[in-house]
Amino acid sequence: MSEDQDIRPLISRLQRAENVVALTGSGISAESGIPTFRGAEGLWKTYRAQDLATPQAFARDPNLVWEWYDWRRGLMSTKLPNAGHQVLAAWETTIPNFTLITQNIDGLHSRAGSRSILELHGNIWKLRCTQEGTLVENTEFPLSPLPPLCPDCGAMLRPHVVWFGESLDPNVIQQAFSISARCDLMFVVGTSAIVHPAASLPLAALEAGAAVVEINPEPTPLTDHLEFSFRGMAGDILPRIDRALQEGTRAGGGDDS
Ligand code: OAD
């Protein structure tokens, strides 16, 4: 979105929308200092996903996998939510029927104050027992011992995240699809929109007739299909949309259609 780009048509849609969804990816946390996966500085440029983020890698070398996740926990623990996370947290209370769906595991949406979040790929601050499947919340860094052990049965814990080749929690992804297919406005923020099934959610929204709004400094495979595509940083664009929404609401509608 350039300085002079007219966002009134979007504000007007947002004021009329009955069900609003935001789908976020690692790009929303980039301005907090957390690396994305793809792109020049992306994690997958330096690390091989098949060595670190698959069930096979964990079975082969749990220490190596845990060292990587412990390093990422250390990095994330020093980072704070940014203005993009904060706007989405505020929208949970100011926009009726607002749903936040994220691919991120960093926990920054909840640290910004979002309470109801569909976490498609899990959460790095939760550990799961490899024997019983029970979850433990844990924000310690560094983890000790590494690999960590289940407090109940002593089996090894694993990060409660979705690895390549694993299925998403069926309840979470079903809920995400049903909400996406019912929404009339979806924000797609900071995702390359290439990893499915998450990348299918905006397609479900489009198919249902929703307006989909992309916020990303780069084009994605979605861009050409969208009514609204804002080329810029989430921490800049989301606050601008939010300010315009508040001004429009105070002015008693702002619907120029
Ligand atoms: P990617 O690294 O694939 O994409 C990040 C996107 O964020 C890119 O399109 C960037 O252009 C954009 N971006 C960068 N900075 C931004 C900013 N300040 N504001 C807005 N956008 C910005 O990350 P994801 O799409 O999240 O999965 O990746 C999807 C999944 O692939 C991840 O959840 C992870 C990964 O492998 C698993 O680990 C299962």
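Here, residue 1 is the first one in the sequence, and each next residue gets the next number. Note that ligands are numbered from 1 as they come in the structure, with each ligand's atoms numbered from 1 the same way.
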Suppose the criterion is side chain to side chain donor-acceptor pair (under 3.5 Å): which pairs have a residue in residues 87-96, not counting sequence neighbours?
Trp91-Asp242
Could you tell me the residue and atom name of the protein heavy atom closest to atom 18 (N) of ligand 1, and the distance to it rounded to 0.1 Å?
Glu31 OE2, 2.7 Å
Tell me the nearest of Pro217, Ala193, Ala234, Pro35 to atom 21 (N) of ligand 1, using heavy-atom distances.
Pro217
Shortest protein contact, atom 25 (O) of ligand 1 (heavy atom only)
Thr191 OG1, 2.6 Å
Say whether Trp66 and Met76 are linked into one hydrophobic cluster, either directly or through other cluster members, by side-chain heavy-atom distances under 4.5 angstrom.
yes
In terms of atom number and element, which parts of ligand 1 are under 4.0 angstrom from non-hydrogen atoms of Thr36?
2 (O)
Decide if the gap between the ring center of Tyr47 and the ring center of Trp71 is smaller than 6.0 angstrom.
yes
Tell me, please, which residues at least two apart from Phe177 pass ring pair (Phe, Tyr, Trp, His ring centres under 6.0 Å).
none
Give me the residue, atom name and distance of the protein heavy atom closest to atom 30 (C) of ligand 1.
Val195 CG2, 3.8 Å
Nearest neighbour in protein (non-hydrogen) for atom 29 (C) of ligand 1
Gln103 OE1, 3.3 Å
Please work out which of Gly25, Gly42, Ser192, Gly27 has its closest non-hydrogen atom nearest to atom 4 (O) of ligand 1.
Ser192
Selected option - heavy-atom contact closest to atom 31 (O) of ligand 1, from His121, Arg38, Glu218
Arg38
Taking all non-hydrogen atoms of both residues, which atom of Cys129 and which atom of Cys153 are closest, and how far apart?
SG-SG, 3.6 Å
How far apart are the C-alpha atoms of Glu214 and Thr220, what are their side-chain angles, what is the distance that settles it, and do they pass the side chain to side chain donor-acceptor pair (under 3.5 Å) test?
CA-CA 9 Å; Glu214 182 173 65; Thr220 73; 2.5 Å; yes
The closest protein heavy-atom partner of atom 32 (C) of ligand 1 is Phe37 CE1, 3.6 Å
Identity and separation of the nearest protein heavy atom to atom 6 (C) of ligand 1
Gly190 O, 3.5 Å
Nearest-contact summary for atom 24 (P) of ligand 1 - protein heavy atom, Å
Ser26 OG, 3.7 Å
If you measure only the distance, is there a donor-acceptor pair under 3.5 Å linking the side chains of Thr24 and Thr102?
yes
Whether Trp44 and Phe37 hold their rings parallel, tilted or perpendicular, with breakpoints at 30° and 60°
tilted
Which atoms of ligand 1 sit under 4.0 Å from any heavy atom of Asn216?
8 (C), 9 (O), 10 (C), 11 (O), 12 (C), 21 (N)
Ser77 and Arg73 side chains, donor-acceptor separation under 3.5 Å
no
How close does the nearest protein non-hydrogen atom get to atom 38 (O) of ligand 1, and which residue and atom is it?
Val162 O, 4.1 Å
Could you tell me if any non-hydrogen atom of Phe164 lies under 4.0 Å from any atom of ligand 1?
yes
